[in-house]
Structure formats: C-alpha cells, structure tokens
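Here's the structure we're looking at; comments come further down.
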Amino acid sequence: MLSQFESRIAGAVSQHILIRYGVEIPVALEQPKQTAFGEFALPVAFQLARQLKKAPRAIAEELASELPAIKGVKSLEVAGGGYINLRLDRGALGASAIAPATAMATAGDGKVIVEHTNINPNKAAHIGHLRNAILGDTFVRMLRESGQRVEVQNYIDNTGVQVADVVVGFHYLDGKTPADVRALIAKDRFDYYCWDLYAKISQHYKDNPDSLQWRSDTLHAIEAGEGELADLGRLVADAIVVCHLNTMLRLGIQYDVLPRESEILHLKFWASAFEQLKERKAIYLEAEGKNSGCWVMPGSAFDENREDEDSKVIVRSNGTVTYVGKDIAYQMWKFGLLGKDFYYTPLRTYGDGHPVYVSTASPDGATSVAFGGGRKVYNVIDSRQSYLQDVVVAGLKALNYHEQAANSIHFSYEMVALSPRACVEMGIELSAEDQAKAYVEVSGRKGLGVKADDLIDSLINSALAEVASRNQDKSADDQFAAASAIAIGALRYFMLKFTRNTVIAFDFQEALSFTGETGPYVQYGAVRAAKILQKAGDLPDFATVLTAPVCARLLEEEGLWQYLLAVSRTDQAIAAALSAGEPAHMARYAFQLAQQFANFYHDYPVIQESDAEKRSFLLWLTAQFRAQLERSLRILGIGVPAFM
RNA sequence: GCGCCCGUAGCUCAGUUGGAUAGAGCAUCUGGCUUCGAACCAGAGGGCCGGGAGUUCGAAUCUCUCCGGGCGCACCA
C-alpha cells in the first residue's frame, strides 16, 4: 500500500516540475537514512541543479514552497544539501492499510519461461545444483507473485557424455546387464551408486586412455537408440531423473515440463534450425584452416572483440552437431520460432495435483498440452557458460530475431565451491595446491562434492535435535515435520542470501546454522506472531474499530508508526528484488522484516495491553507481521512450521 | 594474450543503480528469561571500502591505471 503513496507522490512532483521548469525528469523516491527524516526523500533537486544551473539547496527550497498539496502527505521540509523530506499523514496511511486490501495488479501479457536445474541425469545432485534450482525456483515464485504467467522447464541431457560414461561403467567395467541395473534401481539411492561409479570410470579413463573408445561407442549406440548400451542409457537417465525430481521436491521445487535431448535428436529439431541458419547466412561452411569442413559462426557475430577467425564450430566436419547448435534450436523452440514441437506425456503428479510432463518423440499416447512459445526466456545457468550463452543469443540475432535475442536472458550465478575446512570435515584429502586456495571447485569426475540429499538429511537431523529438546510434548511425527520445515528453511535461505555473482565457499558450520541471518530466524518470527494471535482469542473487526481518527491518535506514538511502515513495504521489496533480478534482495527483506518483528515483540506485550483500541491496533500489527512474513517466506519457498 | 567476475569490520557478506554519519550476521566482551517462547533482545569494541589518478555540488558505486584472486576463451557439454 505504501507503493501507492509513492507513485502518487512521484507523479505529482514530476508534473509540477514539468509545469514550473519545463523539464521532464524521472522522479525517484528514496527511503531516508534515518527514520527521523520522514518517510520519503526526494533527491530531485540535485538532478535539476545541473540543468537549471542553480544551487540544489535553492531549488529544493523553491520546490518545497511551491509544490501543491499532495493527498496523504502531511508536510515536507528541505534538509542537507538539497533533499526534500516528506512526512505522511499517519492517520490516512493507517486507515488505508487496515481497510480490506485491493488486489495487486496483474502484469504482463504472454508467458515467461524459466529454465533451471538442468542436471545431467547420471549421478546424485550436489550443492552446486541446489544453488541453481533454488535460485531458479525462487525467481519463478517472485515472477508469479507479481502476476506473471510462468512456465518452468528442466532440460534433461539424457544422451550426452555424462550418461554415456556411467553406462560404460556399468557395461564395460562392471559387466552389468540391463536386468542387473534394474535391480539396482529398485534398491535405494541409485543416484549415489552412480555417483561412485562415475568417479570410478573417470579415473579409469585417466589411467587407461585407450578405453575412451568405449565412450564414443556408447555415445553412438545411445544416439542410435538401439541395443543393450542404449537400453542401459535409458534406464540410467530415467531413473536418475526420478531421483532428482524427488530431491528437488524435498525443497518444494516443481516443474511444468522436462524437454529431453533424446527428443530434440529424434524429432530432428536441429534440421529445422540448420535450414534457417544457412538460409539467413548466419553460419557458413569453412573451406580452409583448422575448421575446414565445419559449419561455423564467425567470431564477430557473438563478440565484437573477436576476429572472424575465432569462429565457433556449429556442425563438425563429420556432420554431427555441437552442443551450441542444439541449444540454438532448443532456444528457438522456447520462443516458438522453430516450426516444430515435442509431444508430451505426463511423468508424475505432485501432491497438490500439479502434473509435470516429459517430452516424447511420438504422437502415440501423447497428451494434448502445449509448452514453449514464450515471450521472455530466463536460462538459469552458471556464469562459466556465459561464452556459450552469448553464442546462442548471437544465433538468434543472426536469424534476425532481435526481439527474442533481447528477451533471451542468461540468469547467471557463480559456482558453489567447497571451503578447505569443509573438505577436511568430509575426509577429503587435498593437494598442497588446493589447500592454499580460498575454496576448491566441486568435481563430479573426482566424486568431490556434497550430495544434496546428504546435506538435507544432516540439516533435518540437527533441526530435529533442537525441536525435540524444546517440544517434548509433541509427537514424533509432528517433531519431524517441524524439523523438516526448519531444515529446508535453513538451506534455501543459505543458498539465497548471497547475491548471484558471489562465489559461495560452502562451509558446514554456516550452512547448518539456525541462528542469526538464517531462514529459521524468519520462521521463528512467523511462529511467534501466530502464537500471539492464537492466544489472543477472537479478533475484533479491525476496519470498524480502527478508524482514521483512532489510527491518527495511536500513530502519534513513533514506535507504532515505524512498525506500521515496516509491514507496509513488502510490495516495494518484491518489485525491487524483481527489477534487480536478485532473489537475495527478497531474502534480505524477509530477514529485516523478521528483525522488525522481533523488536516489536519485545517492545509491546500485545495481550497484556489494557487500552482496548491500542490492543486492537497491536493485534492488527501482529496479524500484519504474520501475513507479510509468511508471504515473504512463501516467495522464498520456505514453509512455516507449526512450532519450533 | 583476450574477455567476464571479485577485492568493504578478525571471518562470511549487504550496500536501494551517483546521495545525508558505510550496514548486517558470525566470532569476542558485557547485560537481560517469575512476562505473548531466549532459535530472541540491548550494549561495546572493530573500517585509508585493495593502491593511485580522474569525472562533479557529491564516489564503496562511474572512467583510467596498477596490485592481488577466481572463471572462461574445443570439431566436450
């Protein structure tokens, strides 16, 4: 509701400036550094100073005395070198906050596609994958909260080298048949088994370079889709995808559709893209040099600092397509530009009834649903792949799809690495070189990493110990449910508290913490607010009790006024986090709101309050804190335990 | 060599797109449960915002340069 005041003020001020000075200028409102300065600050005089060639202070004085009255604004004063500080009419804001809320405007036409997770289906998910999925899922929640229509895609590379390597491990190294592998899948933690096998085969390649022939044989078999190796490939990839979906579901992460590499191959997506690329002369057949016989994109197309010789191979001299080529085709499909589509079949239905579909190659038995064709596409991919993402976007540009190129966004983030201390705690031996580093990169090939499910399990265990010691009267099931919510809250918050381009040096002590700036701290606030409301009994009808004059009287008390402002800023926080593209800002807001509530909790004993009107107002504030805390947590994908 | 990212309190990180006296968590020290739950709160110490130059009313933020660290730059994905 505060944002309504904000836009009204900005509009009035910019209109006045246009009339008075004939200057069109965007008016930004800031939150003053100190609460004593009022609710909003206008730095607009500084901006005008340059154009009007006048001292900012003088302009501010002029504006302050000449501005017409703005509804909801009580007073304004000039401060500092030229700030105009505004104070709001407390009664008016209070009453409008308490009145039943009007629905938030829904924004945007067209569909936004967010692609995240994208884990190779050949081994268990690790903490690096968690950052991707949690970041992507939270951004999806932010978009949906702002009224956008969002489709969540999780791309499955089920025919790539990584799956092939695990198949090689099963077939050549361990002599396992499809029946053997089926038996392993039926047991628990197949993804863990493959984790070790993948490390084993990677080491084997290193020791026996000749065995790399197994890999290319297997890759060919998987692409052809026939024979025992292909069967193994399907078994492994399909089973691991199920493992990944289960792991992500523990964190509350769901998808709409899983497009798979195998269908991109079989439905010949590439052929359509290839025709367009050739026709528009976006790529050309190299006649000489190191790339002779390849179809390449000139370097200047994706990087202005590059020479054309630094071209990127799209089709190899043996006629096969590189990853980038396939990704251009896939990206075109996401925008509905390919002229081809997948078929789909339901893979599973989540507990809330939401289905997730997987691509298939044949119309037989396919469900009639439509995916892709987005207006805007966010690809959540780590920053190491920015070069390749640039090439994909350049492909769209070269095809003259400029609008889509501009709406193709690499939502990049830095990797999660391991702190040397974390390695020591896991019993991993580090080379002297690695020990000297601030962090060590996770490596699936070396089996070096923290598995997602292990981390979740140990978080639940330590949360359970805390919960059990504080709530001995509760049942084991209830204790476990609360511990799970707390564990997920801690994990998701931990992954979100860092801004995207900060490398996370993973540390168990920090990740397992439940105090300070953590998810559980925010949950604790929501739980305590709920407890007060529960103890208070029947609530009054706030809108009739807390009229504007009553609000005006109560809000003369500075503390209450500040808490009212605190619970009124969620919309602004969401909008700011969204426009910055930073889920971390949303996390930080939730934490700050929880801090405000903790202060409120200590300042005002709500239930003991003897003044009836004030008690009503305190109860309303408590309800408001609870609602905004829960809303913020929901956007972060964090639930509120019944107790903790 | 070229490109991108980072350098802010002892440690881990924010910093509202150039604004007022640079913030938070952890750690350390001191204090607070007979109160709606202490997974909390109050207080203290701790800073040449990597160095230097520039841009202007004003710089942690923009430009240049140097230093230190990370990641990319395949007919792998």
Side-chain angles (χ1 to χ4, degrees), chain A residues 28 30-34 37 41 43 46-47 49-50 55-57 79-83 85 120 157 160-162 261 286 290-296 299 303 305-307 310 312-324 326-327 382-388 390 412 414-415 417 419 437-439 441 463 466-467 470-471 486 490 497-499 501-505 507 509-510 513-518 520-521 523-525 527-529 531-536 572-573 576-577 579-580 584-585 588 591-592 594-595 598-599 601-609 618 622 643-644:
Chain A
E30 293 173 2
Q31 193 176 327
K33 280 266 187 279
Q34 290 179 39
F37 290 158
F46 295 110
Q47 287 146 273
R50 200 155 308 172
R57 177 90 196 185
Y83 279 100
N85 291 332
N120 269 301
D157 182 6
V161 174
Q162 293 213 22
E261 172 95 354
E286 183 65 78
K290 58 173 182 167
N291 293 332
S292 177
C294 298
W295 286 87
V296 303
D303 187 343
N305 294 313
R306 274 169 194 274
E307 304 294 328
D310 292 332
K312 177 72 196 166
V313 172
I314 305 296
V315 181
R316 303 185 187 98
S317 54
N318 67 4
T320 56
V321 195
T322 62
Y323 157 79
V324 179
K326 283 181 278 195
D327 211 28
D382 82 78
S383 63
R384 285 173 292 191
Q385 299 204 38
S386 61
Y387 159 72
L388 295 166
D390 288 347
S412 74
E414 281 287 347
M415 63 178 172
S419 68
K437 288 183 176 177
Y439 47 82
E441 200 171 338
E466 292 286 329
V467 168
R470 291 156 201 249
N471 301 277
I486 293 163
K497 71 191 282 191
F498 304 91
T499 50
N501 56 14
T502 297
V503 177
I504 299 180
D507 185 89
Q509 202 172 305
E510 283 178 46
S513 169
F514 297 145
T515 60
E517 194 195 338
T518 64
Y521 177 93
Q523 291 173 314
Y524 190 58
V527 168
R528 293 213 288 192
K531 201 69 166 283
I532 293 174
L533 294 166
Q534 184 193 318
K535 288 208 170 181
Q572 284 175 296
S579 78
H585 292 172
R588 178 155 287 261
F591 173 66
Q592 286 168 342
Q595 276 185 316
N599 288 320
Y601 186 92
H602 286 269
D603 290 353
Y604 293 95
V606 177
I607 292 178
Q608 278 84 349
E609 179 56 51
L618 292 177
T622 305
F643 57 90
M644 62 190 288

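Throughout, a chain's letter reflects where its sequence line sits, starting with A, and its residues are numbered from 1.
- In this structure, A:D157 reaches the sugar-phosphate backbone alone: every heavy-atom distance under 4.0 Å involves primed, P, OP1 or OP2 atoms, never a base.
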Seminar exercise, completed: Contact string for nucleotides 26-38 of chain B, one letter per nucleotide 5' to 3', B = base within protein heavy-atom range under 4.0 Å, S = sugar-phosphate only, - = neither, reads S--------SBBS
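- With RNA chain B read from its 5' end, the first of the two nearest nucleotides for A:Y439 and A:V321 is the one closest to A:Y439.
- Taking NZ of A:K326 as the reference point, atom CD of A:E261 lies at 4.0 Å (rounded to 0.5 Å).
- Here the straight-line distance linking atom CD of A:Q385 with atom CG of A:D327 works out to 8.5 Å at 0.5 Å rounding.
- Within 4.0 Å (heavy atoms only), A:A580 reaches at least one base atom of the nucleic acid.
- Spacing of C1' atoms, B:rG15 relative to B:rG23, comes out at 7 Å, to the nearest Å.
- Taking atom CD of residue A:E414 and atom C1' of nucleotide B:rG70, one finds them 7 Å apart after rounding to whole Å.
- Here the closest non-hydrogen pair linking A:F37 and A:N85 is O-CB, 3.1 Å.
- Residue-level contact check: A:N599 touches the backbone only, with heavy atoms under 4.0 Å from sugar-phosphate atoms and none from bases.
- Annotation: B:rG45 and B:rC6 have their P atoms spaced 32 Å apart (nearest Å).
- Between the P atom of B:rC73 and the CG atom of A:L388 lies a distance of 7 Å, rounded to the nearest Å.
- To the nearest whole angstrom, the two P atoms, one in B:rU8 and one in B:rG47, are 14 Å apart.
- Checking B:rC41, B:rU17, B:rA39 against every side-chain atom of A:F514, the shortest atom distance belongs to B:rA39.
- Taking atom C1' in both B:rC64 and B:rC75, one finds a spacing of 40 Å when rounded to whole Å.
- Put simply, CD on A:Q162 and CG on A:D157 are 8.0 Å apart, with the number rounded to the nearest 0.5 Å.
- With C1' as the reference atom, B:rU21 and B:rG58 are 15 Å apart, rounded to whole Å.
- Few gaps surround CD on A:E30; more than 12 heavy atoms of other groups in view lie less than 6.0 Å from it.
- Nucleotides B:rA22 and B:rG3 are separated by 36 Å at their P atoms, to the nearest Å.
- Every side-chain contact (heavy atoms from CB on, under 4.5 Å) that A:V315 has, sequence neighbours left out, goes to A:W270, A:F274, A:W295.
- Ion pairing between a basic and an acidic side chain is recognised when a charged N comes within 4.0 Å of a carboxylate O; A:K497 and A:E510 show no such pairing.
- With distances taken from any side-chain atom of A:F46 to the nucleotides B:rA77, B:rC57, B:rC41, the minimum falls on B:rC57.
- Across all strands shown, B:rC33 has no partner, as no Watson-Crick or G-U wobble contact with both distances under 3.5 Å is found.
- Using N1 to N3 plus N6-O4 or O6-N4 for Watson-Crick, or N1-O2 and O6-N3 for G-U wobble, each under 3.5 Å, B:rC64 pairs with B:rG52.
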Seminar exercise, completed: Readout for nucleotides 6-14 of chain B: B = base within 4.0 Å of protein heavy atom, S = sugar-phosphate only, - = neither; 5' to 3' it is S-----SSS
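- Taking only distance into account, the side chain of A:Q572 never meets the base of B:rU16 through a donor-acceptor pair shorter than 3.5 Å.
- Judged as a ring pair (Phe, Tyr, Trp, His ring centres under 6.0 Å), and not counting sequence neighbours, A:F514 has no contacts.
- What separates CD of A:Q31 from P of B:rG23 is a distance of 14 Å, to the nearest Å.
- Evaluation of the side-chain hydrogen bond (donor to acceptor under 3.5 Å, both in side chains) rule for A:Y604 yields A:E557 as partners, not counting sequence neighbours.
- Across all strands shown, B:rG18 remains unpaired; no Watson-Crick or G-U wobble contact has both distances below 3.5 Å.
- Within the nucleic acid shown, A:A41 comes within 4.0 Å of at least one base atom, counting heavy atoms only.
- At least one donor-acceptor pair closer than 3.5 Å links the side chain of A:T322 to the backbone N or O of A:I314.
- Under the Watson-Crick and G-U wobble criteria, each requiring two contacts below 3.5 Å, nucleotide B:rC13 is paired to B:rG23.
- Using a 4.0 Å heavy-atom cutoff across all strands shown, A:S412 reaches no nucleic acid atom at all.
- When the P atom is used for both B:rA59 and B:rG51, the distance is 15 Å, rounded to whole Å.
- Atom CG in A:D382 sits roughly 12 Å away from atom P in B:rC71 (whole-Å rounding).
- Where stacking is scored as ring centres under 5.5 Å apart with planes under 30°, A:F37 registers as stacked on the base of B:rA20.
- The side chain of A:K33 sits closest to B:rU16 out of B:rG70, B:rU16, B:rG72.
- Syn is the conformation of B:rU17, whose glycosidic angle sits no further than 90° from 0.
- Taking atom P in both B:rA9 and B:rA42, one finds a spacing of 24 Å when rounded to whole Å.
- Residue A:Q47 contributes atom CD, which lies 13 Å from atom C1' of B:rC57 at whole-angstrom precision.
- Rounded to a whole Å, the CG atom of A:D390 is 11 Å from the C1' atom of B:rG72.
- Between B:rG25 and A:Q595, a contact under 4.0 Å exists linking OP1 or OP2 to a side-chain N or O.
- With sequence neighbours excluded, no residue forms a ring pair (Phe, Tyr, Trp, His ring centres under 6.0 Å) with A:Y524.
- Side-chain atoms of A:F591 lie closest to B:rA24 of the nucleotides B:rU21, B:rA20, B:rA24.
- Across every strand in view, B:rA38 sits unpaired, with no contact that passes the Watson-Crick or G-U test at under 3.5 angstrom.
- Base pairing of B:rC71 is made with B:rG3, judged by Watson-Crick or G-U wobble geometry with both donor-acceptor distances under 3.5 Å.
- The residue among A:K312 and A:A28 whose nearest nucleotide of RNA chain B is located toward the 5' end is A:A28.
- A donor and an acceptor atom never sit less than 3.5 Å apart when one is taken from the side chain of A:N291 and the other from the base of B:rA74.
- Atom OG1 of A:T515 and atom CD of A:E466 lie 9.5 Å apart (nearest 0.5 Å).
- Ranking B:rA39, B:rG25, B:rC40 by closeness to the A:I486 side chain, first place goes to B:rA39.
- One distance of note links OG1 of A:T499 with CD of A:E414; it measures 10.0 Å at 0.5 Å rounding.
- A donor and an acceptor atom never sit less than 3.5 Å apart when one is taken from the side chain of A:S386 and the other from the base of B:rC4.
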